[in-house]
Amino acid sequence: MGRFKHLISIEDLSKDDILYILEKAEKFESIARGERKSKILEGKTLANLFFEPSTRTRVSFEIAMKKLGGDVINLTAQEAISMAKGETLADTIRIMSEYVDVIVLRHPLIGAARYAAENSDVPIINAGDGAGQHPTQTLLDLYTIKKESNLNNLKIALLGDLKYSRTIHSLIKALVLFNAKIYLISPESLKLPEEILEDLKGDIQYTKLDDVIDEIDVLYVTRIQKERFPDEEEYKKVAGSYKVDLKTLERAKENLIIMHPLPRVDEISPEVDKTVHAKYFKQAFYGIPVRMAILTEVLID
Ligand code: NCD
C-alpha cells in the first residue's frame with residue numbers, strides 16, 4: 001500500500017503527500033500522451049460507481065486505468081441506483097469490494113465517500129460527494145498550476161459559486177497549505193460556507209475581480225451548481241450574474257492562467273478560449289496523469 005489507502009478528502013494528505021503525487025504524475029505524462037506503454041495495473045479492476053452524472057471525471061479515470069493495463073466497469077447514475085435496488089450504500093460497497101480492486105465513487109450526499117470507505121476492504125476514491133469534497137480534481141488543479149504557473153507565492157482568485165462548488169471546497173484547503181494569497185469573488189448568496197472559511201487559517205479575502213485582475217496569477221472559475229439549489233427561483237436570481245470575457249481580461253497579467261473544472265455553462269465567454277490565458281482544456285488533460293498517479297498509489301505502491 002502507498003501513502004494512503006483511500007482518497008476521501010484533500011485534508012487527508014499532507015503537503016508532502018501532495019507534492020509527491022504531483023511529481024509522480026509527471027512520470028505518467030508520456031503514457032497519458034500515448035508515447036509510452038505500460039501494463040503496471042494489469043489484472044486490476046476499477047469500478048466507476050457514479051450515483052450522479054459525470055463525464056470528465058468518469059472518463060478520465062477509465063482512460064487512466066486502461067492506459068496502465070487495467071480493466072474498468074462503469075455503472076452510470078441510473079445503473080448504480082438500480083443495482084442498489086434500495087439496499088444501503090454500505091451493502092452496495094461491500095458487494096462491489098468483493099468484485100473489484102478499487103472503487104471510484106460519486107454520490108450526491110456529503111460524507112458518502114467517507115462512509116463508503118468505512119465499509120470497504122478495497123480503496124475508495126472520492127470523485128465528489130455532494131457539495132463536499134473532490135480531492136482528485138484538486139490534485140489535478142494543483143498539477144495544472146505547477147505546470148502552467150507557479151505553486152509558490154501564488155495569487156489566485158476563486159470566482160463563482162463558492163457555496164456549492166466542491167472543487168472550490170477542496171482546492172481552497174490545499175491552497176492554504178501552499179500559503180497562497182486567495183481572493184474570493186462571488187455573488188452575495190453564493191459565498192463560501194462560514195464553517196469552511198472559519199477553519200481556514202490563511203491569507204483570504206473577498207473582493208471584486210476588477211480590483212485584482214492586474215495582480216493575480218490564476219483565475220479559477222466555476223459554474224453555478226444549479227443541481228444543488230433547493231429552489232429554482234433562487235437559482236434564477238443568480239444565473240448569468242458573472243462572466244469572464246475579453247474585456248474582463250484587458251488589464252490581466254500576461255502570464256495569468258484561467259482554469260475551470262468544467263463543464264462550462266456561460267461563465268467564460270468562448271472568445272477567451274483562443275487567448276494564451278485559457279488553460280481549462282489542458283487542465284482536463286492533466287486529469288489523466290494525475291489519476292494514474294493516484295491509482296498506482298492505492299493499488300500497487
Ligand atoms: C466538477 C464537479 O463535478 O464538481 N466537475 C468535474 O468533476 N470536472 C465541477 C462542476 O460540475 O461544475
Side-chain angles (χ1 to χ4, degrees), residues 7-10 25 32 46 48-65 74-77 80 103-114 124-145 156-175 185-187 190 192-193 196 218-229 235 238-244 258-268 273 278-292 294-295:
L7 182 53
I8 307 301
S9 166
I10 199 70
L46 173 152
N48 268 324
L49 189 56
F50 280 64
F51 289 88
E52 261 191 357
S54 162
T55 20
R56 285 143 293 270
T57 305
R58 187 174 56 75
V59 168
S60 67
F61 265 110
E62 178 158 3
I63 293 171
M65 190 71 183
N74 280 298
L75 287 158
T76 58
I103 297 170
V104 179
L105 177 72
R106 174 168 288 189
H107 198 281
L109 291 179
I110 293 180
R114 177 84 61 204
I124 300 285
I125 298 177
N126 182 8
D129 59 327
Q133 283 274 308
H134 196 346
T136 69
Q137 179 72 41
T138 296
L139 289 167
L140 80 89
D141 291 344
L142 295 172
Y143 188 71
T144 306
I145 296 171
I156 181 168
L158 306 177
L159 168 66
D161 183 348
L162 309 183
K163 180 173 182 182
Y164 294 117
S165 290
R166 54 195 172 201
T167 60
I168 295 283
H169 301 166
S170 271
L171 179 62
I172 199 165
K173 293 194 164 145
L175 290 171
I185 304 159
S186 80
L190 296 180
L192 199 68
I196 296 185
V218 179
L219 174 59
Y220 191 99
V221 187
T222 58
R223 90 184 153 90
I224 298 183
Q225 309 280 300
K226 184 179 178 193
E227 67 279 21
R228 309 253 176 258
F229 280 66
Y235 168 72
V238 283
S241 58
Y242 55 92
K243 184 169 199 152
V244 175
I258 303 174
M259 295 171 61
H260 191 303
L262 303 176
R264 153 174 65 177
V265 183
D266 58 1
E267 55 282 350
I268 301 178
D273 300 358
K279 297 293 178 198
Y280 25 93
F281 296 118
K282 215 159 182 193
Q283 181 184 357
F285 164 74
Y286 289 142
I288 310 282
V290 169
R291 290 184 168 118
M292 286 174 167
I294 295 165
L295 288 171

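Note that ligands are numbered from 1 as they come in the structure, with each ligand's atoms numbered from 1 the same way. Reckoned from all heavy atoms, side chains included, excluding hydrogens, waters and symmetry mates.
Enumerated by chain and number, the residues approaching ligand 1 to less than 4.0 Å through a heavy atom are T57, R106, H134, Q137, R166, T167, R223, Q225, P261, L262, P263.
No side-chain heavy atom of Y286 sits under 4.5 Å from any side-chain heavy atom of R291.
One side chain, D141 or Q137, offers a donor N or O that lies under 3.5 Å from an acceptor on the other. The closest side-chain donor-acceptor pair between R114 and S9, if any, does not fall under 3.5 angstrom.
None of N48, I124, L46 except one satisfies the side-chain contact (heavy atoms from CB on, under 4.5 Å) rule with I103; the exception is I124.
With respect to D161 and R166, no salt bridge is recorded, no charged nitrogen being found less than 4.0 Å from a carboxylate O. Using a cutoff of 4.0 Å between basic side-chain nitrogens and carboxylate oxygens, R56 and E62 are not scored as salt-bridged.
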